[in-house]
Amino acid sequence: MEFTYKAYRELLTLLREHGYAFCSYHDYRKCEKSAIVRHDIDMNIVKAVQMAEIERQMGISSTYFVLVTSNFYNIFSKENQDMLRKMQQMGHEVGLHFDEAKYEGQGIDMVQAMEQEAELLAQCLGCPVRSVSMHRPSKETLAADYVVKGGQIVNSYGTEFFQNHKYVSDSRRHWREDVLSIIKSEEYDRLHVLTHPFWYDESEQTAREALK
């Protein structure tokens, strides 16, 4: 699969053609076949808005996870805050992207740190944060099955979404499994699809070009 907007539209169309309903972390149980589509905003909120607009045009809602501790953007700047709220107005959910590396070796409770960052993001968005994803999660974090805010904030790397769903990701600009074949096979009733918006553009690029 190419990392272009055209290819991404085709992926969403394929999901529809094979009977998958686009669901969130909160309502997927209502559907017989569900696809939770999620995006981690690692570097560029502008790119995320472009992808969010594609989904809006197709009548699809997804979840965008944003870093509170990014070196690349400030969620409290007016421009970025406006873009995040614009995505919400399109019907998308904005959740917390949590980087555990910030707290390593400090003896800080990870769940408490997530809850504190979620409060900061909620102040930015003007509404409660309902989901969290991990940025480059460690094996310990993947095994922990963290319960955040008593379960009020969904852990996208909890057992339900990382093991009971078929999880496919384009991390590091590489699909480790053929996502298109997985969709076509209809082997799984529950899909959990992760993309990173900064890899995508109108035409195919190398990873170096996309990062630049």
Side-chain angles (χ1 to χ4, degrees), residues 1-67 80 82-97 121 125 127-133 153-157 160-162 164-171 173 175 177-204 210:
M1 174 177 163
E2 291 186 339
F3 287 85
T4 64
Y5 295 133
K6 179 177 182 289
Y8 182 63
R9 289 188 187 93
E10 290 172 350
L11 183 150
L12 297 177
T13 299
L14 192 67
L15 283 166
R16 267 195 176 138
E17 290 174 347
H18 286 270
Y20 288 96
F22 293 94
C23 298
S24 73
Y25 292 101
H26 319 289
D27 64 3
Y28 68 93
R29 289 188 178 90
K30 298 177 182 177
C31 303
E32 201 170 305
K33 288 177 68 177
S34 62
I36 297 173
V37 178
R38 130 184 180 216
H39 313 275
D40 289 351
I41 307 177
D42 287 352
M43 296 184 182
N44 192 316
I45 296 178
V46 173
K47 285 281 191 178
V49 172
Q50 291 172 336
M51 192 162 273
E53 178 60 28
I54 289 170
E55 292 169 337
R56 186 198 66 78
Q57 291 170 0
M58 297 181 68
I60 293 167
S61 297
S62 66
T63 304
Y64 288 81
F65 288 104
V66 62
L67 287 159
N80 287 333
D82 287 348
M83 284 192 287
L84 293 174
R85 293 187 176 187
K86 179 179 180 180
M87 287 192 287
Q88 289 179 304
Q89 291 165 4
M90 292 181 192
H92 304 300
E93 179 179 348
V94 178
L96 173 67
H97 200 29
L121 180 56
L125 299 174
C127 66
V129 171
R130 302 179 64 204
S131 55
V132 59
S133 77
I153 297 178
V154 172
N155 173 9
S156 69
Y157 279 108
E160 175 62 21
F161 302 107
F162 195 59
N164 296 344
H165 282 60
K166 177 58 179 177
Y167 175 81
V168 283
S169 166
D170 69 353
S171 294
R173 202 179 176 278
W175 292 96
E177 297 180 78
D178 186 342
V179 62
L180 302 181
S181 294
I182 288 170
I183 295 168
K184 291 174 185 176
S185 76
E186 298 187 28
E187 180 180 352
Y188 305 97
D189 290 334
R190 304 281 187 226
L191 296 181
H192 185 188
V193 182
L194 165 61
T195 75
H196 296 77
F198 67 86
W199 291 132
Y200 294 79
D201 212 311
E202 292 295 343
S203 58
E204 183 77 338

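These values consider heavy atoms only, across backbone and side chains, with no hydrogens, waters or symmetry-generated copies.
In this structure, the separation between CD1 on I36 and CD on E160 is 8.0 Å, given to the nearest 0.5 Å. The line from CG of D201 to OG1 of T4 is 9.0 Å long, rounded to the nearest 0.5 Å. With values rounded to the nearest 0.5 angstrom, Y64 atom OH is found 12.0 Å from E93 atom CD. For the atom pair OG (S34) and CZ (R190), the distance works out to 4.0 Å, reported to the nearest 0.5 Å. Taking NE2 of H26 as the start and OG1 of T63 as the end, the distance is 6.5 Å to the nearest 0.5 Å. Note that OH of Y167 is 11.0 Å distant from CD of E177, once rounded to the nearest 0.5 Å.
Using a 30° and 60° split on the angle between ring planes, F65 and H97 fall in the tilted class, from 30° to 60°. Using a 30° and 60° split on the angle between ring planes, F198 and H196 fall in the perpendicular class, above 60°.
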*After noting the C-alpha distance and the side-chain angles of L84 and L125, does the key distance pass the side-chain contact (heavy atoms from CB on, under 4.5 Å) rule?*
CA-CA 7 Å; L84 293 174; L125 299 174; 3.9 Å; yes
*For side-chain contact (heavy atoms from CB on, under 4.5 Å), just list the numbers for E10 and L180, CA-CA rounded to whole Å, side-chain angles, deciding distance to a tenth of an Å, and then say yes or no.*
CA-CA 9 Å; E10 290 172 350; L180 302 181; over 6 Å; no
*Between I60 and V37, does a side-chain contact (heavy atoms from CB on, under 4.5 Å) hold up when you go through it step by step?*
CA-CA 9 Å; I60 293 167; V37 178; 5.7 Å; no
*Under the side-chain contact (heavy atoms from CB on, under 4.5 Å) criterion, do I153 and L96 qualify, and how do the steps go?*
CA-CA 9 Å; I153 297 178; L96 173 67; over 6 Å; no
_Working note: R38 + E55, criterion salt bridge (Lys or Arg N to Asp or Glu O under 4.0 Å); need CA distance, chi angles, decisive distance, verdict._
CA-CA 12 Å; R38 130 184 180 216; E55 292 169 337; over 6 Å; no
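Here the side chains of V179 and I183 are in contact, with some heavy-atom distance below 4.5 Å. Annotation: side chain of M87 is in contact with side chain of V49 (closest heavy-atom distance under 4.5 Å). Annotation: side chain of C23 is not in contact with side chain of K30 (no heavy-atom distance under 4.5 Å). Residues M1 and D170 are not in side-chain contact: their nearest non-hydrogen atoms beyond the backbone lie 4.5 Å or more apart. A heavy-atom distance below 4.5 Å is not found between the side chains of M83 and V66. Contact annotation: the side chain of L12 approaches that of F22 to within less than 4.5 Å [non-hydrogen atoms, C-beta and beyond].
Between Y25 and H192, the ring centre distance stays below 6.0 Å. Taking the six-membered ring for Trp, Y5 and Y200 have ring centres at least 6.0 Å apart.
When all heavy atoms of G95 and V129 are compared, the closest pair comes out as CA-CG1, 4.3 Å. The two atoms that bring Y157 and F162 nearest to each other are CD2-CD1, 3.5 Å, heavy atoms only. C127 and Q88 make their closest contact through SG-NE2, 3.1 Å (heavy atoms, listed as atom of the first residue, atom of the second, distance). Residues R16 and M58 share a closest heavy-atom pair of NH2-O, 2.6 Å. Contact record, I54 with Y8: CG2-CD2, 4.4 Å, taken as the closest heavy-atom pair.
For the pair S61 (side chain) and H92 (backbone), a donor-acceptor distance under 3.5 Å is absent. Side chain of D40 to backbone of D42: no donor-acceptor contact under 3.5 angstrom is found.
A salt bridge is absent between K166 and E187: the closest approach of a Lys/Arg side-chain nitrogen to an acidic carboxylate oxygen does not fall below 4.0 angstrom. Ion pairing between E186 and K33 holds under the 4.0 Å rule for side-chain N and carboxylate O.
For E32, the CD atom counts as loosely surrounded, since its 6.0 Å shell holds 12 or fewer non-hydrogen atoms of other residues, nucleotides or ligands.
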